[in-house]
Amino acid sequence: MSDQLPDQHRKFYQMTLSERLDQLAAESGLPMDVLDALSGKTGLEPAQADHMIENAVGVYSLPIGIARNFIINDHPVLVPMAIEEPSVIAGASFMAQLAAKNGGFHASSTLPEMIGQIQILDVKDLNEAQSRLLEHKDELLAAAATLDPLLSRFGGGPRGIEVRRIYNSPIGPFLVLHLIYDVRDAMGANAINTALEKLAPQVSQISGGRVHLRILTNLADRRLARSSVTIRTADLAFEGYSGETVRDGIIEAWAFAQVDPYRAATHNKGIMNGVDAVILATGNDWRAVEAGAHAYAARSGRYTSLTTWAKDHDGNLTGVLEMPMAVGIVGGATRVHPGAQAALKLMKVESANQLAEIIVSVGLAQNLAALRALATEGIQRGHMGLHARQVAISAGAVENEIDRLADQLVREGVIRTDRAEQILKEWRKQSS
Ligand code: MEV
């Protein structure tokens, strides 16, 4: 191990898997049996999976890593991310480091209010039925309030009723009732769908219409999370790029996504690389958040960027991400999955809002990482290092040979297994 740095100088990414876990235990104060659920030693058992879905045959694994350096609302957070794509965790950690030098991320969130929808068909007079439903608003809310005593005990419950008239649809006019429901620390789908189904007969009776669909909307635009970051221009400089060049390049890249849906889709995909990875690590429903994100990105009628980047009055780069964030820390897979439980403990998350604020900060960091790379050297260079490591491993490199071989492959610009095997053979011949 002569060319390895002494332990105390090695960075997290330079450690072995077991060293990283020891380091994580030391930093988080969590016992190893909790972290075992992240390391793959323990985790979701097939027998547990059998209770989660139908026709279960086993469990499916993905890599899980830790994004480092995150300071969110002045608190350091170790962020677990489950993802198969290289460079995502490195990108987030690196941008979090830049952000940390500049005060970190400032995040906030709205109340955890979800919206449930009831579609009311065969209504003779939309205006009149709408008025009747609104006149009975208190009665409907009172009925909904009795449905989930546990949620009420935690301070949640129904908060409001709105009625929308749809005049033009393929089946003619109809009404849509929105039930606004504070779901506290739950994702809330079950609570709200149950409430909608129970309220439906009353809604039908009051409106005189026929209740059809009763389901939450994933466009959870009353449950938003927001994160912002400001980075001094000088801190953006690297290699041959001045801070101004990087800052302006990022703003130009963002402007592309702002006006062009083709680019916005990819831009937002980069944000979701970070968002989904934390959602997955915590056992939350990433499809729900994906659906909400893209619907929110199109709320003006044109699909656009979820982030905004600009130059502030001091010339610093400043960015904001705001998006719906329907995640929970109680119930569902979050509760059953030991890895999800360990992930929440690692982040010391105590409320769904706190989790939402972390996730949106990771999404913002991820977007910054992608734009910085795209606006300067391109993204392939960053990918190459990891790709080279994978090639080195597949060529048979072990321990400290891996990084050394990967470096050599990148230097040569030839990242192929046959070349890696050749170098390895030469090294081993020399040393024997
Ligand atoms: C790749 O997974 C994500 C990026 O394409 C995001 C972007 O283009 O902004 C790099």
Side-chain angles (χ1 to χ4, degrees), residues 52 107-119 137-138 140-164 176-200 202-203 213-227 275-276 278-296 299 322-337 340-341 343-344 347-360 363:
M52 291 170 75
S108 60
S109 46
T110 61
L111 286 169
E113 289 180 351
M114 296 293 284
I115 303 168
Q117 298 191 292
I118 298 184
Q119 183 189 22
K137 190 167 156 174
D138 291 345
L140 287 167
L141 287 175
T146 62
L147 299 175
D148 195 332
L150 189 65
L151 196 57
S152 305
R153 215 167 55 230
F154 285 105
R159 294 290 181 260
I161 283 184
E162 290 167 352
V163 184
R164 294 167 49 220
V176 182
L177 180 140
H178 279 190
L179 172 67
I180 297 152
Y181 210 93
D182 184 324
V183 296
R184 297 282 96 190
D185 287 325
M187 186 275 185
N190 279 332
I192 194 137
N193 291 336
T194 305
L196 294 171
E197 291 190 5
K198 292 257 168 70
L199 281 191
Q202 223 170 322
V203 168
L213 298 199
R214 297 142 295 167
I215 186 76
L216 94 171
T217 169
N218 290 122
L219 176 50
D221 62 0
R222 298 181 68 104
R223 195 180 192 182
L224 300 173
R226 190 175 203 275
S227 183
V275 167
D276 286 340
V278 188
I279 293 184
L280 214 49
T282 56
N284 272 287
D285 182 348
W286 54 271
R287 285 90 53 214
V289 177
E290 278 281 341
H294 299 293
Y296 194 66
R299 68 194 182 284
E322 181 188 85
M323 59 184 288
M325 194 53 72
V327 290
I329 61 164
V330 293
T334 303
R335 187 174 200 90
V336 180
H337 198 302
Q341 282 294 310
L344 292 173
M347 290 186 281
K348 303 190 186 337
V349 157
E350 281 168 6
S351 69
N353 279 56
Q354 236 182 323
L355 176 60
E357 290 168 13
I358 293 172
I359 294 173
V360 84

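Computed from a predicted structure; not experimentally measured.
Smallest separation of non-hydrogen atoms from G328 and A352: CA-CB, 4.2 Å. Scanning all heavy atoms of the two residues, the minimum distance from A195 to L147 falls at CA-CD1, 3.6 Å. The two residues A340 and A333 come nearest to each other via the heavy atoms CB-O, 4.2 Å. The two atoms that bring A291 and N218 nearest to each other are CB-CB, 4.0 Å, heavy atoms only. Taking each heavy atom of A281 and A343 in turn, the nearest pair found is O-CB, 3.4 Å. Closest approach of A220 to M114, counting heavy atoms only: CB-SD, 4.1 Å.
A heavy-atom distance below 4.5 Å is found between the side chains of L344 and T334. V275 places a side-chain heavy atom less than 4.5 Å from the side chain of V289. Contact of the M52 side chain with the V336 side chain is registered, since non-hydrogen atoms from C-beta on lie closer than 4.5 Å. A heavy-atom distance below 4.5 Å is found between the side chains of M347 and L355.
Separating the CG atom in D221 from the CE atom in M323 is a distance of 13.0 Å, to the nearest 0.5 Å. In this structure, CD1 in I359 is found 11.5 Å from CD in Q354, a value given to the nearest 0.5 Å. Atom CD of E350 and atom CD1 of I329 lie 8.0 Å apart (nearest 0.5 Å). L140 CG to L177 CG: the interatomic distance, rounded to the nearest 0.5 Å, is 7.0 Å.
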Subject >> Verdict with reasoning, Q117 to R214, per side chain to side chain contact (heavy atoms under 4.5 Å, CB included) >> reply: CA-CA 6 Å; Q117 298 191 292; R214 297 142 295 167; over 6 Å; no
**OP:** Would you please test L179 and L141 for side chain to side chain contact (heavy atoms under 4.5 Å, CB included) and show each step?
**Re:** CA-CA 8 Å; L179 172 67; L141 287 175; 4.2 Å; yes
Original post:
Please walk me through it: do L216 and I115 pass side chain to side chain contact (heavy atoms under 4.5 Å, CB included)?
Top reply: CA-CA 6 Å; L216 94 171; I115 303 168; over 6 Å; no
**OP:** Check the pair L224, M325 against side chain to side chain contact (heavy atoms under 4.5 Å, CB included), reporting the backbone distance first and the verdict last.
**Re:** CA-CA 6 Å; L224 300 173; M325 194 53 72; over 6 Å; no
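Residues passing the salt bridge (charged side-chain N to carboxylate O under 4.0 Å, His left out) test with E290, sequence neighbours excluded: none. Taking the salt bridge (charged side-chain N to carboxylate O under 4.0 Å, His left out) definition, one finds that R299 meets it with nothing, sequence neighbours left out. Residues passing the side-chain hydrogen bond (donor to acceptor under 3.5 Å, both in side chains) test with N353, sequence neighbours excluded: S109. For the salt bridge (charged side-chain N to carboxylate O under 4.0 Å, His left out) test, residues two or more places apart in sequence or in another chain that qualify with R222 are E113, E162.
Among residue pairs with one or both ends in residues 180-197, those qualifying as side-chain hydrogen bond (donor to acceptor under 3.5 Å, both in side chains) are D182-R184; sequence neighbours excluded. Residue pairs that meet the side-chain hydrogen bond (donor to acceptor under 3.5 Å, both in side chains) test with at least one member in residues 280-289, sequence neighbours left out, are T282-N284, D285-R287.
Under a 3.5 Å cut-off, the side chain of R223 and the backbone N or O of V327 do form a donor-acceptor pair.
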